[in-house]
Each structure stands twice: as C-alpha cells, then as structure tokens.
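So the structure is just underneath, and the comments pick up after that.
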Amino acid sequence: MRTDLLADPLDGLDEALDAVDAFDRVLVAGLLRPGPEQAGGLAALVDAVAGTPLATRVAEAADKAAAGAAGEDHFVALAAARTALMGSAHDALTARVADVTGRPAAEPTAPRTAAEEPAAHVLAAARAWLCDLARAGWRGIDHDLVGGAAPVVSALLPDPALRRQATLLDGFAAELAASCPGATLEHVPVRRWADLWSRALLLTLPGADRTAAVSTATGRLLPLGVDLQEHATAVQAQVHAVFEPADGTAPRLVRAAVSAPKPDTVVGAGLWQLLRPRMSLLAAAGEGRSVELDAMPVTAEGDLLWDDGRARTGEPADPFATARVILSTAADPVTAPLDRHPSRIAVPVLLEGYATERADDGALALTVAGHRLAVDTDRIPVAGPLTPEAVAASGACLGLLRWDAGEFVLQPLAVETTVRKKTIAVHAGAWAGGTTDKAGARAEKAATDAVSVLRERAGKLLRT
C-alpha cells in the first residue's frame with residue numbers, strides 16, 4: 001500500500017467541501033426570510049458549480065431562494081448541486097484510495113429502469129414537506145412542522161417500491177422530532193441534516209431511485225470481516241468479503257448486509273441473536289469459513305442480496321490468508337450515483353509492519369513506512385473480542401479505510417497479535433456465529449433473558 005499518498009492534498013477537495021458547508025449553514029436559519037448570510041452561502045454554491053451543466057439552473061434557484069421566493073424546482077436544483085459536490089469529493093477520494101491500494105475497479109453497469117414509476121402524488125407530498133423544512137430551517141422546526149411527515153410516511157410505506165424513501169423520511173423526521181423546538185438546540189448537526197435533506201429530496205424525483213442492475217454470483221465467498229453498526233432501535237451487520245467466481249474470472253470485493261430492529265435493552269454480544277437467524281453468512285464469518293454460492297443475486301455495486309438457500313458453508317478460510325493472497329487483485333465495486341458521498345467510503349485493506357502510537361488524549365494511530373494513519377477505535381464494536389488494546393499490540397491489521405473529519409482513518413476489523421510467543425487473530429465479528437468466550441457468553445445470556453421478558457410482555461399485550 002502507498003500509505004504516503006493518504007496525506008497528500010487533493011486539488012479542489014477543500015474548496016468543494018467549503019461550498020457545501022456554506023450552503024449547509026443556509027439551511028440552519030432557513031430560507032423563509034433570507035438575509036445577507038444566506039445570500040452569501042447560496043452564492044458559494046453557485047460559484048462551485050459554475051461551468052457545469054447545473055450552472056444555469058442553480059444560479060436561477062439561488063436568486064429565487066435569496067429573494068425568499070424559491071419553489072420546489074429551485075430547492076431540487078440546490079439539493080442536486082450540493083449532492084454533485086459531495087459526489088465529486090467522493091470520486092476524488094476513491095481515486096486516491098485506488099492509487100493507495102493499486103487495486104482495479106469494476107466496470108460500471110447501467111441501472112435498470114423500473115417497469116412502473118411509483119405514485120407521483122405521494123412523492124410530491126414528500127417533496128413539499130422537505131421544501132417546507134428548508135424554508136423554516138433547522139432553527140425553525142417545531143412539532144407541527146415535523147409532524148407533517150407522518151401521513152406522508154404512512155402513504156409511502158405500503159408500496160415496496162417506495163420503501164427506501166419511506167425509511168429515510170421516517171428516520172429523518174424522528175430525528176428532527178427529538179430535537180424540537182429547533183430554536184432551543186444547543187448544537188445543530190449541520191452536515192448530517194443537510195445530507196439527509198438533500199438525499200431525501202432527490203429521491204422524490206421520478207426515476208431517481210432506479211433499480212440496481214442485478215446479476216448472479218456462483219463461486220466461493222471468502223469473508224474478510226464484519227462491520228457491526230448499532231442504533232438505538234436497529235442493528236446492522238455488514239460482511240465484507242472477496243468473491244472468486246466459479247468461471248475463473250477475476251475476483252472482486254462484495255458485501256452482504258443484514259439488519260434487524262432492536263429494543264434498548266439488547267446490547268453488546270446480544271445483538272448477534274437478533275441477526276443470526278436472518279443470515280447464515282454470519283456463522284461462517286465468525287467461524288472463519290468460506291461459503292459456496294449458487295446463483296446468489298448480486299448488484300452491480302457489489303451488494304449480495306442474501307438468500308440462505310443459495311449458500312453452503314465451505315472449508316476453513318483464514319481472512320488474513322485471503323487478504324495476503326487475493327485482496328490486492330480483487331476489483332473494487334462501483335458506487336451508485338446517489339450513493340457517492342465521502343461517508344460511504346469503506347475499503348478493505350491489510351496493513352503490516354507498522355508501529356502503533358497513542359496520543360495523550362488516548363487516540364490511537366498506526367505509523368506505516370513513516371506515515372501516520374489514525375485508527376477509529378469508536379467503530380470497534382463491544383459485541384466482539386477486538387479492543388483498542390489488541391489493536392495497539394498488533395502486528396497486522398485487516399480493516400476498512402474510511403474518510404472522516406478531513407482525513408483518512410482505519411476502522412479495524414481484525415488484528416494479528418502475539419500472545420505467549422504465539423500469533424493469534426482477534427476478530428471484531430468473532431462472536432457472530434456464537435461464542436464460548438466467558439464475557440461473550442455472559443452478554444448473550446443477559447440478552448436472552450431480556451428478549452424473553454420482552455416477548456412475554458408483548459404476548460400479554462396482544463392477548464388483552
């Protein structure tokens with residue numbers, strides 16, 4: 001890996017993100033009665049897309065918005081400009097990652113157009129609510145305004161073709177509702193809410209959420225690691241893996257994800273209980289085994305549409321051996337247009353021969369060939385044996401290269417460390433398929449008890 005390239009500046013990246021930040025500050029106060037500060041933020045967005053096909057429409061939209069007269073089409077144009085800038089930042093960063101890893105990229109595939117476009121009137125209602133949010137601004141939100149999303153979400157949810165938009169809108173509205181009234185907020189998550197707003201708005205456009213091209217995958221799947229993501233009400237596990245096609249074509253990187261709703265009382269190792277029944281791949285990843293796939297659906301973006309009936313657990317497969325032998329030749333997946341965002345970057349890498357260092361504030365970093373790479377220890381889940389201390393004592397690390405807060409960081413998935421003169425591997429997803437580890441077993445038992453109590457209470461409520 002050319003880790004020296006990670007610290008090199010990227011031309012235009014800071015300028016693009018500065019323009020995004022300027023526009024995001026516009027949304028804090030809103031565009032109902034815009035002032036000079038809002039006009040300046042809109043002008044920064046216009047300047048950033050000058051010379052592009054969006055230039056004329058964005059300039060017109062900014063003029064209308066600065067005058068307090070923006071309509072739906074104008075807000076859509078502004079959201080499109082912001083999304084394009086974040087997409088350009090994503091493309092520049094992924095190109096740099098490709099230079100660092102030296103891996104090839106998969107060929108992009110045109111998406112399929114849905115046979116029927118979803119109900120336009122429901123999407124129009126969602127678009128109208130999002131435009132009202134932009135007028136009010138994050139400081140102007142209240143329960144009445146945020147509550148306007150409820151009937152829209154209820155209309156979206158029954159249609160499977162609109163489930164993606166409904167989930168995004170529902171989660172966004174819930175987050176806003178928990179922050180009402182906006183006028184009293186001590187801290188506004190400026191970029192996050194602008195990300196959600198612009199993405200949700202573009203997904204209301206006909207044809208924006210085109211179906212990903214789907215093919216089938218037959219061959220051997222070699223898990224690299226599990227990325228566990230926990231929310232107060234949901235949990236998701238994403239398995240990163242190398243796929244070796246049975247026809248002998250080049251290997252490629254793929255992902256398989258499973259998610260489930262969760263109660264607040266289920267935490268730590270107990271999370272695996274919610275996920276295991278939904279995907280057999282977790283057991284294989286936890287046990288360090290390959291999986292034989294037979295015509296498993298896979299999108300052009302490298303996401304396996306998991307079906308347990310098309311998977312069979314195979315022979316033992318050490319993730320570190322996979323990374324050392326195959327990872328450097330596996331093609332990176334492409335990214336769907338609306339998913340092009342720096343936060344979506346999560347590239348599997350293997351690092352060896354590094355030194356570790358801890359700052360006074362406890363921050364951990366790896367020094368590889370004289371170049372420092374920060375370690376994102378906050379992403380190490382407590383639902384596994386991997387710890388920051390194990391990373392600090394390691395000699396090899398399998399992880400995801402991400403970009404966060406203006407720099408590349410490493411999220412560890414597994415490490416090799418020496419214990420009593422013997423090299424052992426410690427994986428974040430080691431408990432995914434079950435565990436005999438004492439700490440993990442205790443956490444699982446506690447979670448089992450909590451789930452049993454909740455099911456009993458739910459049963460009583462349903463019987464009354």
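None of the values given here were measured: they were computed from a predicted structure.
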Practice item. Carefully, step by step, assess His427 and Leu386 under the rule side chain to side chain contact (heavy atoms under 4.5 Å, CB included). Key: CA-CA 6 Å; His427 297 264; Leu386 186 63; over 6 Å; no
Practice item. Go through the side-chain N and O atoms of Gln165 and Thr204 and say whether any donor and acceptor fall under 3.5 Å apart. Key: no
Exercise for review: Check whether any side-chain heavy atom of Val100 lies under 4.5 Å from a side-chain heavy atom of Val349, and answer yes or no.
Suggested key: no
Check your understanding: Considering only heavy atoms from C-beta outward, does the side chain of Ser280 approach that of Trp306 to under 4.5 Å?
Key -> yes
Practice item. Specify the closest pair of heavy atoms between Met86 and Pro342, including all atoms of both residues, with the distance to one decimal. Key: O-CD, 3.6 Å
Point to revise | Val254 side chain reached by Leu221 side chain, heavy atoms, under 4.5 Å | key: yes
Review point. Measuring from Met279:CE to Arg276:CZ, what's the distance to the nearest 0.5 Å?
Key: 12.5 Å
Review point. Just by modelled atom types, is the Leu130 backbone N or O under 3.5 Å from a matching donor or acceptor in the Trp197 side chain?
Key: yes
Exercise for review: Report yes if the side chains of Trp129 and Leu169 come closer than 4.5 Å at any heavy-atom pair, otherwise no.
Suggested key: yes
Point to revise | Approximate separation, where rounding is to 0.5 Å, of His90 NE2 and Leu85 CG | key: 14.5 Å
Review point. Is any side-chain N of the basic residue among Arg252 and Glu301 closer than 4.0 Å to the acidic one's carboxylate O?
Key: no
Review point. Roughly how far, to the nearest 0.5 Å, is CG of Leu293 from CG of Leu304?
Key: 6.5 Å
Revision key, fill the gap. For Leu17 and Arg191, the nearest pair of non-hydrogen atoms, with its separation, is O-NH2, 4.0 Å
Check your understanding: Looking only at atom types and distance, does a side-chain atom of Asp170 sit under 3.5 Å from a main-chain N or O of Val153, one as donor and one as acceptor?
Key -> no
Check your understanding: Are side-chain N/O atoms of Tyr354 and Thr3 paired as donor and acceptor at under 3.5 Å?
Key -> no
Check your understanding: Do NZ/NE/NH1/NH2 and the carboxylate oxygens of Asp195 and Arg82 come within less than 4.0 Å?
Key -> yes
Practice item. Might you point out which heavy atoms bring Phe408 and Leu401 nearest each other, and give the distance in Å? Key: CD2-CG, 4.2 Å
Exercise for review: Examine distances only and state if a side-chain atom of Arg127 and a backbone atom of Leu201 form a donor-acceptor pair shorter than 3.5 Å.
Suggested key: no
Check your understanding: For Glu175, does its backbone N or O pair with a side-chain atom of Ser179 as donor and acceptor, under 3.5 Å?
Key -> yes
Review point. Given side chains that start at C-beta, do those of Asp332 and Val347 come closer than 4.5 Å, heavy atoms only?
Key: yes
Exercise for review: Under the salt bridge (charged side-chain N to carboxylate O under 4.0 Å, His left out) rule, what do Asp339 and Arg164 come out as? Steps first, then yes or no, please.
Suggested key: CA-CA 13 Å; Asp339 292 338; Arg164 185 186 191 191; 3.3 Å; yes
Check your understanding: What is the distance from atom CZ of Phe23 to atom OG of Ser198, rounded to the nearest 0.5 Å?
Key -> 8.0 Å
**Study point:** Atom of Arg103, atom of Ser328 and distance for their closest heavy-atom approach
**Key:** CG-O, 3.4 Å
**Study point:** Gap between atom CG of Leu350 and atom CD of Glu416 - 0.5 Å precision
**Key:** 8.0 Å
Review point. Does some side-chain heavy atom of Pro316 sit less than 4.5 Å from a side-chain heavy atom of Glu287?
Key: no
Review point. Is there a donor-acceptor pair under 3.5 Å between the side chain of Arg289 and the backbone N or O of Glu315?
Key: no
Check your understanding: Under 6.0 Å from the CZ atom of Arg192, do we count more than 12 heavy atoms belonging to anything else shown?
Key -> no
Check your understanding: For Ala246, does its backbone N or O pair with a side-chain atom of Thr218 as donor and acceptor, under 3.5 Å?
Key -> no
Point to revise | Minimum-distance pair of heavy atoms, taken over all atoms of Gly148 and Val152 | key: O-CG2, 3.7 Å
Check your understanding: When you look at Leu410 and Asp376, which way does the side chain to side chain contact (heavy atoms under 4.5 Å, CB included) test go after all the steps?
Key -> CA-CA 6 Å; Leu410 181 70; Asp376 189 350; over 6 Å; no
Practice item. Start with the C-alpha distance between Arg2 and Asp99, add both sets of side-chain angles, then the distance that settles salt bridge (charged side-chain N to carboxylate O under 4.0 Å, His left out), and finish with yes or no. Key: CA-CA 7 Å; Arg2 289 285 310 280; Asp99 292 338; over 6 Å; no
Point to revise | Pairing of Asp294 and Arg310 as salt bridge, 4.0 angstrom limit | key: no
Check your understanding: Of Thr101, Leu400, Asp227, which is the lone residue that meets side chain to side chain contact (heavy atoms under 4.5 Å, CB included) with Pro348?
Key -> Leu400
Exercise for review: Answer yes or no: is there a side-chain heavy-atom contact under 4.5 Å between Leu224 and Thr322?
Suggested key: yes
Point to revise | Candidate pair Leu133 and Leu176, rule side chain to side chain contact (heavy atoms under 4.5 Å, CB included), full reasoning | key: CA-CA 10 Å; Leu133 279 183; Leu176 293 173; 3.7 Å; yes
Review point. What's the shortest heavy-atom distance between Ala177 and His143, and which atoms?
Key: O-CE1, 3.4 Å
Point to revise | Distance, nearest 0.5 Å, that separates OG of Ser343 from CG of Asp404 | key: 9.0 Å
**Study point:** Any donor-acceptor N/O pair, Thr387 side chain to Ala390 backbone, under 3.5 Å
**Key:** yes
Review point. Within the distance-only criterion (no hydrogens, no angle test), does the side chain of Trp431 pair as donor or acceptor with the backbone N or O of Ala383 below 3.5 angstrom?
Key: no
Practice item. With side chain to side chain contact (heavy atoms under 4.5 Å, CB included) as the test, would you mind laying out the steps for Thr335 and Ile345 before giving the verdict? Key: CA-CA 9 Å; Thr335 304; Ile345 296 173; over 6 Å; no
Exercise for review: Give a yes or no answer on whether the side chain of Thr417 reaches the backbone of Ala393 with a donor-acceptor pair at less than 3.5 Å.
Suggested key: yes
Check your understanding: Taking side chain as C-beta onward, heavy atoms only, is Arg96 less than 4.5 Å from Leu5?
Key -> yes
**Study point:** Whether Arg199 side chain and Leu338 backbone form a donor-acceptor pair below 3.5 Å
**Key:** yes
